[in-house]
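In what follows, residues are counted from 1 in the order of the sequence shown.
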Amino acid sequence: MNNLNFTDRIILNSLHEDIGNGDVTTSALISERRFSSAAIIAKSDLVLAGLPFAERTFQLIDKNIKFKPLKKDGSRVKAQTVIANISGSTRSLLMAERVALNLLQRMSGIATLTDKYVRQVKGLQVKILDTRKTAPGLRYFDKYAVRMGGGHNHRYGLFDGVLIKDNHIAAAGGIGQAVKLARSKSHQLLKIEVEVKNIAEVHEALSVNADIIMLDNMNVSQMRDAVKIIRKKNPAVLIEASGNISLENIHGVAETGVDLISVGALTHSAPAADISMKIVSSA
């Protein structure tokens, strides 16, 4: 458990949160000499994500546990499918179970919801993106799950992309001033994205050569007009739609011709997938 990498630290913190000073129930009921085989089972149709991290959870509890995945992340899994077989110390299996399943359930839930959004725009030239609306401490896992569901990642954090939003614009004194300051003080390889909420702001963002224009909370008619204006003025500008995107309206949004659609719900509202672990033999 030395030389901890980033994800190991998250998993170990989660295990400490769950186990604390020890699993009092398992220690009271289960002999140290008892070994078991168990199966991880999908209880609903889902898109699988997180299996390597579930395996790592068991390994961090007990390096002697054998974990055999039967499916791969990103695959569609039917209800009652066995996802993986596990064997080893019964105490170790039971202590790792909850954290491993929590990761699998959260990530598979995100991947499953992402897959639904991606399928809604199948055949259209648009990418579905996540946002920074992730669970605190779990962003790496949340964004990994989006990719497993067929989506793409927006910026990871505040450090890897300039995105000028309404509050930046208000504080800086306008879109033009905000873009000017960002361009003068940011690394030359960073693209400048500007959030706009109406056609007047679209023209303003185009006038200062924004690299990406985000159409925020516009209706489909407004988006269609904005896309025509941007394509005519500068076809190289990437166009992103964001705000109030749902499974019901995303196809219409994609048909406006935007390049990117960001959906916060992928990570902040995905229901957890139903996955369980069952002991199948013990000795």
*Report the relative orientation of the aromatic rings in Phe67 and Phe58; use parallel for angles under 30°, tilted for 30 to 60°, perpendicular for over 60°.*
tilted
*Is the side chain of Arg106 donor-acceptor paired with the backbone N or O of Phe141 at a distance under 3.5 Å, no angle test?*
no
*asked:* Assess the residue pair Leu51 and Leu104 against the criterion (side-chain contact (heavy atoms from CB on, under 4.5 Å)); give the C-alpha distance rounded to whole Å, side-chain angles, the decisive distance to 0.1 Å, and a yes or no.
replied: CA-CA 6 Å; Leu51 208 51; Leu104 263 183; 4.1 Å; yes
*Looking only at atom types and distance, does a side-chain atom of Asp225 sit under 3.5 Å from a main-chain N or O of Gln222, one as donor and one as acceptor?*
no
_Donor-acceptor check, side chain of Thr112 to backbone of Val47, threshold 3.5 angstrom: yes or no?_
yes
*Under 3.5 Å, is there a donor-acceptor pair between the side chain of His203 and the main chain of Ala200?*
no
*Which residues share a side chain to side chain contact (heavy atoms under 4.5 Å, CB included) with Asn217, sequence neighbours left out*: Asn244
*Would you mind telling me which of Val146, Asp130, Ile245 makes a side chain to side chain contact (heavy atoms under 4.5 Å, CB included) with Val263?*
Ile245
*Count the heavy atoms of every other residue, nucleotide or ligand shown that sit under 6.0 Å from NZ of Lys127, and state whether that count exceeds 12.*
no
_Pairwise distance CD(Glu97) to CD1(Ile40) - rounded to 0.5 angstrom_ = 8.5 Å
*Check Val118 against Gly149 and note the closest heavy-atom contact, atom names and distance.*
CG2-O, 3.9 Å
*asked:* Checking side-chain polar atoms at under 3.5 Å, does Asp142 have a donor or acceptor matched by the opposite partner on Thr267?
replied: no
*asked:* Ignoring hydrogens, what is the shortest heavy-atom contact between Lys71 and Ser75? Give both atom names and the distance.
replied: CB-OG, 4.0 Å
*Are side-chain heavy atoms of Leu266 and Lys133 found at a separation under 4.5 Å?*
no
*Heavy-atom pair with the smallest gap, counting every atom of Val162 and Ser186*: CG2-OG, 3.6 Å
*Taking Asp23 for the side chain and Ile19 for the main chain, is one N or O donor matched with an acceptor at less than 3.5 Å?*
no
*For the atom pair OG (Ser108) and CG (Leu103), what is the distance rounded to the nearest 0.5 Å?*
10.0 Å
*asked:* To the closest 0.5 Å, what do you measure between CD1 (Ile41) and CD (Gln80)?
replied: 7.0 Å
*Min side-chain heavy-atom separation Asp73-Tyr144 under 4.5 Å*: yes
*Is there a chain of hydrophobic side chains (I, L, V, M, F, W, Y, each step under 4.5 Å between heavy atoms) that links Ile213 to Leu238?*
no
*Taking C-beta and beyond as the side chain, do Asp211 and Val237 meet within less than 4.5 Å on heavy atoms?*
no
*asked:* Just to verify, what does Glu204 make a salt bridge (Lys or Arg N to Asp or Glu O under 4.0 Å) with, not counting sequence neighbours?
replied: none
*So, Arg231 side chain and Gly257 main chain: donor-acceptor pair closer than 3.5 Å or not?*
yes
*Check for a donor-acceptor pair, side chain of Asp45 on one end and backbone N or O of Lys78 on the other, with a separation under 3.5 Å.*
no
*Straight-line distance of Glu240 CD to Met214 CE, nearest 0.5 Å*: 3.5 Å
_Modelled atom types, side-chain donor and acceptor of Asn102 and Arg98, under 3.5 Å_ = yes
*Could Asp8 and Arg56 be called an ion pair, given the rule that one side-chain N must be under 4.0 Å from one carboxylate O?*
yes
*Would you kindly say whether Arg139 and Thr134 are connected by a side-chain donor-acceptor distance under 3.5 Å?*
yes
*Might you work through the side-chain contact (heavy atoms from CB on, under 4.5 Å) test for His154 and Thr131, ending with a clear yes or no?*
CA-CA 6 Å; His154 206 291; Thr131 69; 5.7 Å; no
*Start with the C-alpha gap between Arg34 and Arg91, add the side-chain angles, then the distance that decides, and say whether side-chain contact (heavy atoms from CB on, under 4.5 Å) holds.*
CA-CA 8 Å; Arg34 181 160 289 274; Arg91 282 190 171 189; over 6 Å; no
*State the CD-CG distance between Glu255 and Leu124, to the nearest 0.5 angstrom.*
6.0 Å
*When clusters are formed by joining ILVMFWY residues with side-chain heavy atoms under 4.5 Å apart, either directly or through shared neighbours, do Met148 and Met107 land in the same one?*
yes
*Is Ile192 reachable from Leu129 through a run of hydrophobic residues whose side-chain heavy atoms are each under 4.5 Å from the next?*
no
*With the 4.5 Å side-chain cut-off for hydrophobic clustering, are Leu260 and Ile250 part of the same group?*
no
*CD on Glu193 to OG on Ser242, rounded to 0.5 Å*: 8.5 Å
_Backbone N/O of Val253 and side chain of Thr256: donor-acceptor pair under 3.5 Å_ = yes
*Apply side-chain contact (heavy atoms from CB on, under 4.5 Å) to the pair Glu201 and Ile175, showing each step before the final yes or no.*
CA-CA 8 Å; Glu201 290 186 351; Ile175 289 176; 3.7 Å; yes
*Using the six-membered ring wherever Trp is involved, compare the ring planes of Phe159 and Tyr156 and label them parallel, tilted or perpendicular (cut-offs 30° and 60°).*
tilted
*asked:* Which heavy atom of Ala100 sits nearest to which heavy atom of Thr57, and what is that distance?
replied: N-CG2, 3.8 Å
*For the residue pair Ala49 and Ala111, what are the closest heavy atoms and their distance?*
CB-CB, 3.8 Å
*asked:* I'd like to know if the side chain of Lys66 reaches the main chain of Ser37, judged simply by a donor and an acceptor atom lying under 3.5 Å from each other, with no hydrogens or angles considered.
replied: no
*What about Leu247 and Ile110, same hydrophobic cluster or not, with Ile/Leu/Val/Met/Phe/Trp/Tyr joined at side-chain heavy-atom distances under 4.5 Å?*
yes
*Can you tell if the side chain of Arg183 reaches within under 4.5 Å of the side chain of Val208, non-hydrogen atoms only?*
no
*asked:* For a quick test of reading the model, state the closest non-hydrogen atom pair linking Ser276 to Lys43 and the distance between them.
replied: OG-CD, 3.4 Å
*Between the main-chain N or O of Ser36 and the side-chain N or O of Ser87, is there a donor-acceptor pair closer than 3.5 Å?*
no
